[in-house]
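Reading through the structure tokens given below for one structure.
Values below: every heavy atom of this structure, side chains too, minus hydrogens, waters and symmetry copies.
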Amino acid sequence: MSTEKILDRASFLKGVAVGRTLWRLAGGPAGPAPEVGPFQMKIDLQPYGRTLFNADMRGTFHIDWGDGSSESVDYNGSNGLEHEYPALGVYTITIEGDLRLLGHGPWTRNGLKAVVELLSPLPASLETISYAFSECGGLTSIPPDLFSRCAGLKSLTGCFSKSPIAAIPAGLFDNCAAAVSFDSCFANCTALTAIPAGLFDRCAKAAAFDNCFLGCALIAAIPAGLFGNCPEAKSFSSCFHECAALVDIPGGLFRGLRKATTFSSCFGWCGALASVPDDLFDGCAAAVYFDSCFQMCTSLGAVGSGLFADSPLAARFRACFSSCSSLTSVPDSLFDGNAVTQLNECFLRCTKLAHAPALWTKFPNATHTRCFLSCKMADNYEDIPTDWK
């Protein structure tokens, strides 16, 4: 990696002050210009097990490593920054300036995994977080004001994934009006027990929620209207996949999300989920993909006839209810009005299904391998064509 050194810290910060003045002269919002920093985070190298710190940091900023050394950086490459500490221990890193990207890099053992405490709000200049605080074994809490200056932050991909955070502060993303991606943001946060109401209420540009709460095994409920103010939302693949304690989905959770196309594996492997509201996807007119949406929901007993009624483009239902071993009731009209093209394994191993909807007559051209495999309890099992079971 190559860096261009700025004259010195004093000159660098003088440049920051000039930049703020230019912001105002250029017509920046009334009141103070967006704050640049400092941003501070505490790292503990003991459990990390190495003195080499490396992370993907891009922008023009000054960094104090917390061991008596510092440097000014102007860098936009992908190789990241490295710093060798004199010994294993606890250090506080301070960053001042225009940090635009913070994240893991191409390393298996990334220095950001050593973060144990976030001591101040992230800088206003930040545009992208890429798994920045992922796999931080010592990070158990999120400061409520962490994103309070992040009006320009667009991506929070993987931000806290696989970290032992115990709670999400209410209003955490209230100032993230530009945020587009929350993909894997809290994925596999296995200590997380709840989602605060209104978490995304001020994120009107949010489009991607793939894997957002995947593997959050202690979350038992989803707040009503969680995505109600996210009209740009497009994708929810595996959003709540493997939320093993989830017992309740509020009615109309995705109501009115007219741009949402993908719900594949959204609630797959939610073993405690006993029911699904009939209006769950109301208004999801662009939805196409429901592959594995409720796969392995082993407590699910029935689904209503209007579940997919507002999704005329819905075509993909591969393994949608596969291995829902408690499912007894499925209405014949479940997919009426949908553009069904794929039904492979849709009800595979639904061993308690009392009656199989006659999909072979309604959608004869849809792919259908093993659609009703092992559904021998169905009162019309003998009517199911061989190639559908």
Q. What is the distance from atom CG of L199 to atom CG of N229, rounded to the nearest 0.5 Å?
A. 12.0 Å

Q. Hey, any chance L359 and V288 share a hydrophobic cluster, counting ILVMFWY side chains that come within less than 4.5 Å of each other, even indirectly?
A. no

(Q) Looking at R258, I'd like to know if its CZ atom is crowded, meaning that more than 12 non-hydrogen atoms belonging to other residues, nucleotides or ligands lie closer than 6.0 Å. (A) no

Q.
For the residue pair H83 / D67, report whether a side-chain donor-acceptor contact shorter than 3.5 Å exists.
A. yes

Q | From L192 atom CG to C216 atom SG, the distance as rounded to the nearest 0.5 Å | A | 5.0 Å

Q. Is it the case that Q40 and T92 place a side-chain donor and acceptor less than 3.5 Å from each other?
A. no

(Q) Under a 3.5 Å threshold, yes or no: a donor from one side chain and an acceptor from the other, between N76 and R100? (A) yes

Q: Could you tell me whether the side chain of S163 and the main chain of C136 form a donor-acceptor pair under 3.5 Å?
A: yes

Q) Among side-chain atoms of E84 and T51, is any donor-acceptor pair under 3.5 angstrom? A) yes

Q | Stepwise side-chain contact (heavy atoms from CB on, under 4.5 Å) test for H62 and S70 | A | CA-CA 7 Å; H62 185 88; S70 63; 3.5 Å; yes

Q: Flag yes if I165 and V115 sit in one hydrophobic cluster, no otherwise; membership is Ile, Leu, Val, Met, Phe, Trp, Tyr, and two members link when side-chain heavy atoms are under 4.5 Å apart.
A: yes

Q) Where do D201 and G225 come nearest, in terms of heavy atoms and distance? A) OD1-O, 4.2 Å

**Q.** Single-linkage hydrophobic cluster L126~L139, side-chain heavy atoms < 4.5 angstrom
**A.** yes

**Q.** Rounded distance (nearest 0.5 Å) linking atom CG of N338 with atom CZ of F290
**A.** 7.5 Å

Q) Quick one: which of C297, C293, S292 gives a side-chain contact (heavy atoms from CB on, under 4.5 Å) with Q295? A) S292

Q.
Whether K113 and E135 form a salt bridge (side-chain N of Lys/Arg under 4.0 Å from carboxylate O of Asp/Glu) is what I want to check.
A. yes

**Q.** Ring centroid separation F227 to F236 under 6.0 Å
**A.** yes

Q. Has Y289 got more than 12 heavy atoms of other residues, nucleotides or ligands less than 6.0 Å from its OH?
A. no

Q: Verify the distance criterion only: is there a donor paired with an acceptor across the side chains of N211 and H241 at less than 3.5 Å?
A: no

Q | Min side-chain heavy-atom separation L52-E82 under 4.5 Å | A | yes

Q. When you look at D310 and R255, which way does the side-chain contact (heavy atoms from CB on, under 4.5 Å) test go after all the steps?
A. CA-CA 10 Å; D310 273 3; R255 181 181 287 120; over 6 Å; no

Q) Aromatic rings F335 and F347: how do their planes relate, parallel, tilted or perpendicular, breaks at 30° and 60°? A) tilted

Q | Minimum heavy-atom distance between C270 and L246, given as atom pair plus value | A | SG-CD2, 4.2 Å

Q) What do you reckon, is NZ of K389 surrounded by more than 12 foreign heavy atoms closer than 6.0 Å? A) yes

Q: Could you tell me which non-hydrogen atom of P277 sits nearest to which non-hydrogen atom of G251, and how far apart they are?
A: CB-CA, 3.8 Å

Q. Just by modelled atom types, is the G306 backbone N or O under 3.5 Å from a matching donor or acceptor in the D278 side chain?
A. yes

Q) With a cut-off of 6.0 Å (strictly less than), are more than 12 heavy atoms of other residues, nucleotides or ligands near NZ of K205? A) no

(Q) How close do C230 and C203 get, counting heavy atoms only, and between which atoms? (A) SG-O, 3.7 Å

Q) Parallel, tilted or perpendicular: which describes the rings of F308 and F317, with under 30° parallel and over 60° perpendicular? A) perpendicular

Q: Taking atom types as modelled, find out whether D74 and T60 have a side-chain donor-acceptor pair closer than 3.5 angstrom.
A: yes

Q. Knowing that exactly one of F200, F240, F213 qualifies, which makes a ring pair (Phe, Tyr, Trp, His ring centres under 6.0 Å) with F186?
A. F213

Q. Are the aromatic rings of F263 and F254 close, with centres under 6.0 Å apart?
A. yes

Q: Give the cluster check for W65 versus I43: same hydrophobic cluster or not, with ILVMFWY residues linked at side-chain heavy-atom distances below 4.5 Å.
A: yes

Q: Enter the distance from S329:OG to H355:NE2 here, rounded to the nearest 0.5 Å.
A: 9.5 Å

Q. Quick one: do the T367 and N344 side chains pair a donor with an acceptor below 3.5 Å?
A. yes

Q: Is it possible for you to say whether I222 and L307 belong to one hydrophobic cluster, with membership spreading through side-chain heavy-atom contacts below 4.5 Å?
A: yes

Q.
Check D56 with R58, please: is the shortest side-chain N to carboxylate O separation under 4.0 Å?
A. yes

Q: Decide, yes or no, whether a salt bridge links E345 with R318 under the criterion of side-chain N to carboxylate O below 4.0 Å.
A: no

Q. Are any of the side-chain nitrogens in E127 or K154 under 4.0 Å away from the carboxylate oxygens of its partner?
A. no

Q. Of all heavy-atom pairs between F182 and A206, which one has the smallest distance, and what is that distance?
A. CE1-CB, 3.8 Å

Q: Report the C-alpha separation of F294 and C266 in whole Å, then their side-chain angles, then the decisive distance to 0.1 Å, and conclude whether the side-chain contact (heavy atoms from CB on, under 4.5 Å) test is met.
A: CA-CA 7 Å; F294 301 101; C266 189; over 6 Å; no

Q: Please tell me if the side chains of R316 and Q342 come closer than 4.5 Å, counting only heavy atoms from C-beta onward.
A: yes

Q | Partner set under ring pair (Phe, Tyr, Trp, His ring centres under 6.0 Å) for F147, not counting sequence neighbours | A | F173

Q) Which atom pair, heavy atoms only, marks the closest approach of L146 to C150? A) O-SG, 4.4 Å

Q. Taking side chain as C-beta onward, heavy atoms only, is S299 less than 4.5 Å from L273?
A. no

Q) Are any side-chain N or O atoms of S322 and backbone N or O atoms of A319, one a donor and one an acceptor, separated by less than 3.5 Å? A) no

Q. Is there a donor-acceptor pair closer than 3.5 Å between any side-chain N or O of T261 and the backbone N or O of A287?
A. no

Q. Taking it one step at a time, do V303 and L334 satisfy side-chain contact (heavy atoms from CB on, under 4.5 Å)?
A. CA-CA 8 Å; V303 292; L334 181 61; 4.3 Å; yes

Q. Among all residues two or more places apart in sequence or in another chain, which pass the ring pair (Phe, Tyr, Trp, His ring centres under 6.0 Å) test with H104?
A. none

**Q.** Beyond-backbone contact of S374 with Y381, side-chain heavy atoms, under 4.5 angstrom
**A.** no

**Q.** Within-4.5 Å side-chain heavy-atom neighbours: C239 and D210
**A.** no

Q | Over 12 non-hydrogen atoms of neighbours within 6.0 angstrom of NZ in K234 | A | yes

Q: List in chain and number order the residues that pass side chain to side chain contact (heavy atoms under 4.5 Å, CB included) with T157, two or more places apart in sequence or in another chain; answer none if no residue qualifies.
A: Y131, S155, S181, D183

